[in-house]
**Q** 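One structure, pasted below without further comment.
Atoms within each ligand, like the ligands themselves, are counted from 1 in listed order.
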Amino acid sequence: MATARKVIIVGSGPAGYTAAVYAARANLAPLMLTGIQAGGQLTLTTLVENYPGFVDGVQGPELMETMRKQAERFGTEMIAEDATSVDFGRRPFVVRAGDASYESDTVILATGATAKLLGLDAETKLMGRGVSTCATCDGFFFKDRNIMVVGGGDSAMEEALYLARLGRKVEVVHRRDSLRASKFMQDRARENPKIEFIWNSAVDDILDVQGGKVTAVRLKNLKTGALDERPVDGLFIAIGHRPNTEIVRGQIDLLPNDYVKVVPGTTQTSVPGVFAAGDVQDHVYRQAVTAAGTGCMAALEAERYLESPQPR
Ligand code: NAP
């Protein structure tokens, strides 16, 4: 094993790249395990209009490529591997990626969260072309249009309420006949005149893959089996997120919903020297700009930790 690093960053979304820029500019020579598919959730979107600094918006993949180049420019070493396990019980910490092991005095976790998907072929083909997992990011593109939201939890209600401010009509499709969402959120959604509910139904297919944009959704009534094609312009999948915390389970404290537990207002985890930034520790905001903000915080906190006199 080579000599221990000062900082290893695991993950390469806005949080990871921002942490890398700050750590590299602080002369900490960070090593980043970008993952085999670098760039995080923004690589699955098209136009991003709410990231500051881009008057006309920017394509998600292009934004991530720009961040990667910026991190590299200051000397971040990048390895296109997925981290497969960690050992935070010894110092320096160990991060493994396949057969390789890397030691480091600090680790910044920025592995993000993954939006759960329905598992339809059309869903991935039309992602960013009418299918979305983020109303705050993409709702604006559906002003005065017909929108459908899938899910029955608080996220689905929140997305529907947000989209009802923009769209002409919002149909919420749920697979059962009662919602999982909190009473408060349910009431708000039910009271909204623009929101309609379609019960006991699942998305069977999304059209039109050949045309390259969403024009309709085919629903299946789960009680009767009947199919119903409804014209919509946008489909928002809001069936939950899964934080990418498998590799740190048992090594640091997680919240009951599996997100990394951090000291409020910081990126410090339950293990001194291990920091968490971006969606892996944020089940509330989940925005590229908040991820970048916490990436900055993690790098500054890692720098301070390295300067502190505690034994390592
Ligand atoms: P969630 O509570 O797990 O709800 C997921 C919803 O999606 C459920 O209604 C579920 O149906 C449905 N679903 C799951 N897999 C599906 C599939 N394959 N096909 C169709 N439907 C599917 O997730 P969430 O809404 O993201 O909320 C996660 C946590 O964050 C919750 O604790 C929630 O309270 C919290 N949250 C709070 C707020 C707020 O208070 N403002 C906002 C967002 C989230 P079933 O009901 O049939 O299982």
Side-chain angles (χ1 to χ4, degrees), residues 41 44 111-127 130-139 147-166 170-192 195-207 214 216-230 232 234-246 253-262 264 276 278-288 290-291:
Q41 291 186 79
L44 304 174
T111 47
T114 308
K116 291 185 195 164
L117 295 176
L118 301 169
L120 298 168
D121 191 38
E123 172 184 45
T124 29
K125 291 197 170 130
L126 291 170
M127 188 61 69
V131 176
S132 171
T133 55
C134 175
T136 324
C137 317
D138 299 327
I147 304 169
M148 192 174 270
V149 174
V150 190
D154 279 326
S155 291
M157 297 310 107
E158 200 168 61
E159 300 278 271
L161 287 161
Y162 182 87
L163 292 165
R165 298 209 295 265
L166 300 160
V170 178
E171 292 174 311
V172 177
V173 177
H174 184 36
R175 61 185 177 184
R176 295 185 294 124
D177 62 1
S178 63
L179 296 168
R180 179 178 295 279
S182 58
K183 168 104 176 49
F184 175 77
M185 295 294 278
Q186 285 196 32
D187 289 348
R188 281 188 61 203
R190 286 178 198 269
E191 283 159 15
N192 191 305
I195 299 177
E196 289 170 20
F197 289 87
I198 302 174
W199 305 108
N200 300 310
S201 297
V203 175
D204 188 61
D205 202 4
I206 310 161
L207 312 174
V214 172
V217 169
R218 191 166 70 219
L219 296 179
K220 182 175 191 174
N221 184 306
L222 297 172
K223 290 241 149 116
T224 64
L227 296 173
D228 178 20
E229 201 170 295
R230 295 194 170 235
V232 296
L235 177 68
F236 286 78
I237 319 278
I239 59 173
H241 284 77
R242 205 180 356 254
N244 299 318
T245 45
E246 295 82 6
D253 289 353
L254 302 180
L255 295 169
N257 61 6
D258 286 342
Y259 283 78
V260 175
K261 186 175 180 184
V262 290
D279 286 10
V280 76
Q281 54 83 55
D282 173 17
H283 53 96
V284 179
Y285 302 104
R286 299 191 191 117
Q287 300 299 300
T290 48

**Q** Are any side-chain N or O atoms of Gln41 and backbone N or O atoms of Ala113, one a donor and one an acceptor, separated by less than 3.5 Å?
**A** yes
**Q** Is the number of heavy atoms from other residues, nucleotides or ligands under 6.0 Å of Lys116 NZ greater than 12?
**A** yes
**Q** For atom 24 (P) of ligand 1, which candidate among Gly153, Ser155, Ala238 holds the nearest heavy atom?
**A** Ser155
**Q** List every atom of ligand 1 that sits less than 4.0 Å from any heavy atom of Arg176, numbering the atoms from 1 in the order shown and giving each element.
**A** 45 (P), 46 (O), 47 (O)
**Q** Does the protein place a non-hydrogen atom closer than 4.0 angstrom to atom 31 (C) of ligand 1?
**A** no
**Q** Less than 3.5 Å between some nitrogen or oxygen of Gly152 and one of ligand 1, yes or no?
**A** yes
**Q** When you measure from atom 37 (C) of ligand 1 to every protein heavy atom, which one gives the shortest distance, and what is it?
**A** Asp154 CB, 3.5 Å
**Q** Hey, is atom 46 (O) of ligand 1 touched by any protein heavy atom at less than 4.0 Å?
**A** yes
**Q** What do you think, any protein heavy atom under 4.0 angstrom from atom 26 (O) of ligand 1?
**A** yes
**Q** Give the numbers and elements of all ligand 1 atoms closer than 4.0 Å to a heavy atom of Leu118.
**A** 19 (N)
**Q** When you compare the side chain of Val260 with that of Leu254, does any pair of heavy atoms fall below 4.5 Å?
**A** yes
**Q** If you scan the protein for heavy atoms around atom 22 (C) of ligand 1, do you find one that is closer than 4.0 Å?
**A** yes
**Q** Using a 4.5 Å cut-off on heavy atoms from C-beta on, say whether the side chain of His241 contacts that of Asp279.
**A** no
**Q** What residue and heavy atom of the protein are closest to atom 1 (P) of ligand 1, and at what distance?
**A** Arg180 CD, 4.0 Å
**Q** For the side chain of Asn244 and the backbone of Thr111, is there at least one donor-acceptor N/O pair under 3.5 Å apart?
**A** yes
**Q** Mind checking whether Ile239 and Leu118 have side chains closer than 4.5 Å, heavy atoms only?
**A** yes
**Q** Going by heavy atoms in the side chains, are Val203 and Glu123 under 4.5 Å from each other?
**A** no
**Q** With no hydrogens and no angle check, is any side-chain donor or acceptor of Ser201 less than 3.5 Å from a backbone partner on Val173?
**A** no
**Q** Please compare His174, Glu158, Arg175, His241 and report which has the shortest non-hydrogen distance to atom 15 (N) of ligand 1.
**A** Arg175
**Q** Any side-chain heavy-atom pair from Phe236 and Val172 closer than 4.5 angstrom?
**A** no
**Q** Ignoring hydrogens, tell whether any protein atom lies closer than 4.0 Å to atom 5 (C) of ligand 1; use the non-hydrogen atoms only.
**A** yes
**Q** List ligand 1 atoms under 4.0 Å from Gly240, heavy atoms only on the residue side.
**A** 23 (O), 26 (O)
